[in-house]
Amino acid sequence: MARFTFRLPDIGEGIAEAEIVAWHVKIGDRVEEDQQVADMMTDKATVEMESPVSGVVVALAGEVGDQVPIGSALMVIEVEGEAAAPVEAETAVEEQVEAENPGVEEATDAEPSAPLPLAGGAGGGAETAPAPAATTPAPPPAPLPQAEGGEKVHVLASPAVRARAADLGIDLAQVKPAEGDRIRHADLDAFLRYGSAQGYHAPYASRAREDQPVKVIGMRRRIAENMAASKRAIPHFTYVDEIDVTALEAMRADLNDNRGQRPKLTMLPFLIVALCRTLPEFPMLNARYDDEAGVVTRHGRVHLGMATQTDAGLMVPVIRDAQDKNVWQLASEITRLAEAARTGKAKSEELSGSTLTVTSLGPLGGIATTPVINRPEVAIIGPNKIVERPMFHGDEIVRAKLMNLSISCDHRVVDGWDAASFVQAVKKLLETPVLLFAD
């Protein structure tokens, strides 16, 4: 028997380490060659790791949420006969893995599937986490006192008071009326405030849930780190303007009614066309800022990031060369990329390289948003919900469909005048939609 050390390969250009987001095997399991054993997350994507050999797992490099450097041991597999690739000496394997990944999990002959150790265990042996202490269920609340001899106490109260007491779980026999013998709503209020000698147990108390600590790992940790870095490094400002999209919505409805086999159009493709037609006049917005080098690169092509909510968290697939696509092509690409992101099938190159980002909550868009810039970009656009409201058109009051458009900018690169002028130019195109298709 020999032991094969499976080292984390280079899974992305410029990636120094990757995070363990899922183990699909445990110590003592037998794995086959090419079997999926772990999911590793980089800054750009989640990569499935497959075992290069068949054998039994004897050590794992950490727990979910731990970072593993590229080239260090990810897991150790005991193989039959000679190993299929160079291996370390068997007597030094555990020390090698432990040295590279403190807290590595390791199997023992006596307990091949023992509980995983705590991170930071000693190199001489795998330290296992203590078994959780047995919990004793909380005793039920003491019953409210009854009348002597267990007889039912007759109380005077109106049907409304009785119904309210029943809803609140109050035994009217325990409520002392403030005046006379009849219990009133004020007496129930006093009982709720001060309770009885035995204590008042609200019927809704059992609905309270216990606190649940949730480890921030995987995509959620990447989002947290990126957003924190963006807010720390970038002085944000946000500008919001109102756009009348009545004519645009009418055009969109007509195009959808006659679309044939083409995809259904949302507001987003029209907005992207308007952005792409306007950006050449405002090149400072389609840019990326290299903080360390102190260089702003103004991009000639528009690689538009599209913030997409997924079960794993917020992802930003990229529409390449958006300036060369019409509304139908954009609609198809939006659908394709959103589906790829939500199903975890988006490629690494489809999740990086954006020069400007659009983030939309669709029908949940609210009145206005103040989106956080997708660093190292210098601006992000946030269309909000379309609402129907009355507005003045000359001397007349007309029904209009209105949408607020938000833009957050990096004040180191973009001035407020530039941001406002840019949105005004986009507004002109959206309010006169025929201009979107004019040369």
Side-chain angles (χ1 to χ4, degrees), residues 10-19 41-45 67 69-70 219 221-239 271-308 314-325 333 337 346-359 369-382 405-426:
D10 187 354
I11 54 179
E13 184 179 352
I15 301 299
E17 61 182 8
E19 178 185 344
M41 174 172 286
T42 69
D43 289 334
K44 299 178 180 179
Q67 300 282 348
I70 300 297
M219 182 62 70
R221 179 157 76 178
R222 299 291 180 187
I223 294 171
E225 292 172 349
N226 291 340
M227 293 298 100
S230 180
K231 291 297 286 186
R232 281 196 304 266
I234 299 176
H236 285 61
F237 77 89
T238 300
Y239 173 82
L271 175 60
I272 294 173
V273 170
L275 294 175
C276 291
R277 291 183 69 96
T278 308
L279 282 170
E281 301 176 27
F282 300 88
M284 75 291 291
L285 288 163
N286 189 42
R288 292 161 68 97
Y289 185 19
D290 187 335
D291 300 70
E292 295 183 1
V295 174
V296 176
T297 302
R298 295 180 174 183
H299 294 277
R301 295 178 176 274
V302 181
H303 301 314
L304 195 81
M306 184 180 64
T308 304
L314 190 66
M315 301 182 73
V316 187
V318 181
I319 303 173
R320 302 284 174 187
D321 292 311
Q323 79 284 342
D324 294 334
K325 294 178 172 59
E333 192 68 351
L337 288 172
K347 301 175 182 177
S348 177
E349 58 269 22
E350 293 175 330
L351 297 172
S352 61
S354 56
T355 59
L356 179 68
T357 294
V358 172
T359 177
T369 52
T370 57
V372 178
I373 296 170
N374 185 23
R375 191 168 178 245
E377 298 165 28
V378 300
I380 184 169
I381 312 292
L405 186 68
S406 303
I407 182 171
S408 291
C409 298
D410 185 339
H411 219 325
R412 300 171 300 176
V413 179
V414 182
D415 296 330
W417 178 271
D418 295 326
S421 299
F422 173 75
V423 172
Q424 291 289 328
V426 171

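- Of the possible polar contacts, one joining the Asn286 side chain to the His299 backbone as a donor-acceptor pair under 3.5 Å is found.
- The minimum heavy-atom distance linking Asp324 with Arg301 is given by the pair OD2-NH1, 3.7 Å.
- Between Ile373 and His236, the closest side-chain pair of non-hydrogen atoms falls below 4.5 Å.
- Put simply, the side chain of Val302 reaches to within 4.5 Å of the side chain of Leu279, judged on heavy atoms.
- Taking 4.5 Å as the limit, some side-chain heavy atom of Leu271 sits within range of a side-chain heavy atom of Val426.
- Nearest heavy-atom pair across Val295 and Tyr289 is O-CD1, 3.5 Å.
- Judged purely by atom type and a 3.5 angstrom limit, Asn374 has no side-chain atom pairing as donor or acceptor with the backbone of Glu377.
- Of all heavy-atom pairs spanning Ala322 and Ile272, the tightest one is CB-CG2, 4.1 Å.
- Within the 3.5 Å criterion, the main-chain N or O of Glu350 finds no donor-acceptor partner in the side chain of Ser352.
- Here the closest heavy-atom approach between residue Pro280 and residue Pro283 is recorded as O-CD, 3.7 Å.
- Val358 places a side-chain heavy atom less than 4.5 Å from the side chain of Leu275.
- In this structure, the side chains of Ser406 and Thr370 stay at 4.5 Å or more apart for every pair of heavy atoms.
- Using a 4.0 Å cut-off between charged nitrogen and carboxylate oxygen, Glu19 and Arg221 count as a salt-bridge pair.
- Residues Thr42 and Ala18 share a closest heavy-atom pair of CG2-CB, 4.3 Å.
- The shortest distance between side-chain heavy atoms of Asp321 and His303 falls below 4.5 Å.
- The salt bridge (Lys or Arg N to Asp or Glu O under 4.0 Å) contacts involving residues 273-287 comprise nothing, where partners must be two or more places apart or lie in separate chains.
- Of all heavy-atom pairs between Leu285 and Cys409, the closest is CD2-SG, 3.9 Å.
- With contacts defined as side-chain heavy-atom distances shorter than 4.5 Å, the pair Val318/Leu304 does not qualify.
- A donor-acceptor contact shorter than 3.5 Å links the side chain of Asp290 to the backbone of Glu292.
- Put simply, the side chain of Met306 reaches to within 4.5 Å of the side chain of Leu337, judged on heavy atoms.
- Residues passing the side-chain hydrogen bond (donor to acceptor under 3.5 Å, both in side chains) test with Thr238, sequence neighbours excluded: Ser408.
- Pro376 is linked by a side chain to side chain contact (heavy atoms under 4.5 Å, CB included) to Arg288, counting only residues two or more places apart in sequence or in another chain.
- One finds the CD atom of Glu333 at 6.5 Å from the CD1 atom of Ile319 (value rounded to the nearest 0.5 Å).
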Show which side-chain atoms of residues 222-229 pair as donor or acceptor with protein atoms under 3.5 Å away, not counting sequence neighbours.
unit_1: Arg222; atom_1: NH1; unit_2: Asp43; atom_2: OD1; d: 2.8
unit_1: Arg222; atom_1: NH2; unit_2: Met41; atom_2: O; d: 3.0
unit_1: Asn226; atom_1: ND2; unit_2: Arg222; atom_2: O; d: 3.2

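- Between Phe422 and Phe282, the ring planes are perpendicular. Angles over 60° get that label, and only those under 30° would be called parallel.
- Remark: Ala420 pairs with Tyr239 by the side chain to side chain contact (heavy atoms under 4.5 Å, CB included) rule, at least two apart or across chains.
- Remark: the backbone N or O of Phe237 is not paired with any side-chain donor or acceptor of His411 at under 3.5 angstrom.
- A donor-acceptor pair is defined here as one N or O able to donate and one able to accept, closer than 3.5 Å; no such pair exists between the side chain of Thr357 and the backbone of Ile380.
- In this structure Arg412 satisfies the side-chain hydrogen bond (donor to acceptor under 3.5 Å, both in side chains) test together with Asp291, Asp410, sequence neighbours excluded.
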